[in-house]
Amino acid sequence: DTGVSQDPRHKITKRGQNVTFRCDPISEHNRLYWYRQTLGQGPEFLTYFQNEAQLEKSRLLSDRFSAERPKGSFSTLEIQRTEQGDSAMYLCASSSSDRVLSGELFFGEGSRLTVL
Amino acid sequence: DAKTTQPNSMESNEEEPVHLPCNHSTISGTDYIHWYRQLPSQGPEYVIHGLTSNVNNRMASLAIAEDRKSSTLILHRATLRDAAVYYCILRGILTGGGNKLTFGTGTQLKVEL
């Protein structure tokens, strides 16, 4: 499978714990995005990388959230001191800057976080 | 990015055509119209996009009004597998954020036998 993969698919944690999600984009894609989606809402943009550079961060990305893409390939999204309001689906997407006009993003299946 | 307005939900019968409307009265000349859909428990997937002219691909057709203030996604023969949330999104080619897309709440399409 050469699509976007995310791990873990499901995570249940207690409030106050730290969690980390991993995203492996499509190999030739240099852009990577993180989104968050709560029930009944569309995905909300969190941040995006071009290669290893984090070029944009949403105001939704509080100080407890940090994302990295150290070698311009896979990315991690860490949430520190989780709160119940962090419960959501975290979606990763990738794209190629060569397809800037089409703007097609390829999404993974997401990592569902439940904070108890 | 300019805002879009879509009905919250629509229903269709299997094997019938479905027309999903989207209003975007504040669209600018450099905004592309994108459609994505999200099946249950999956990430969104690209459906189609266009700028001014109508577009066809294997999944759907996109009809864009002459004034570009509205568009319609057309599924020619709905199947049960087309039951999903459909998002109409405008993306400005001149804005930053790479290929970032701003999603609304979309239209929940229900397909019945």
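Predicted model only: the values in this text are computed from it and were never measured. Computation of the quantities below employed the complete heavy-atom set of this structure, encompassing side-chain atoms and omitting hydrogens, waters and symmetry-equivalent molecules. Chain letters run A, B, ... following the sequence lines, proteins first, then strands; residues in each count from 1.
Between B:F103 atom CZ and A:Q41 atom CD the span is 13.5 Å, to the nearest 0.5 Å. Interatomic distance, B:Q42 CD to A:L91 CG, rounded to the nearest 0.5 Å: 11.0 Å. Going from atom OH of A:Y35 over to atom OG1 of B:T102 covers 6.5 Å, rounded to the nearest 0.5 Å. Going from atom NZ of B:K100 over to atom OH of A:Y33 covers 10.0 Å, rounded to the nearest 0.5 Å.
Sparse packing is recorded around CD of A:E68, with 12 or fewer heavy atoms of other residues, nucleotides or ligands lying under 6.0 Å away.
When the side chains of ILVMFWY residues are joined at heavy-atom separations under 4.5 Å, either directly or via intervening members, A:M89 and A:I79 end up in two distinct hydrophobic clusters. Both B:L80 and B:M59 are part of a single hydrophobic cluster, where members link through side-chain heavy atoms under 4.5 Å apart. A:F107 and A:Y90 fall into different hydrophobic clusters, defined by Ile, Leu, Val, Met, Phe, Trp and Tyr side-chain heavy atoms under 4.5 Å apart, directly or through other members. Cluster annotation: B:L75 is connected to B:L113 through the hydrophobic network of ILVMFWY side chains, with a link wherever side-chain heavy atoms come within less than 4.5 Å. The same ILVMFWY cluster, assembled from side-chain heavy atoms under 4.5 Å apart, contains both B:V55 and B:I33.
Of the atoms belonging to A:R112, not a single heavy atom falls under 4.5 Å from chain B. For B:Q38, the part lying near chain A is the side chain, with the backbone staying farther off; criterion is any non-hydrogen pair under 4.5 Å. Residue contact with chain B, scored on non-hydrogen atoms closer than 4.5 Å, involves the side chain of A:Q37 exclusively.
B:Y36 and A:E104 make their closest contact through OH-CA, 3.3 Å (heavy atoms, listed as atom of the first residue, atom of the second, distance).
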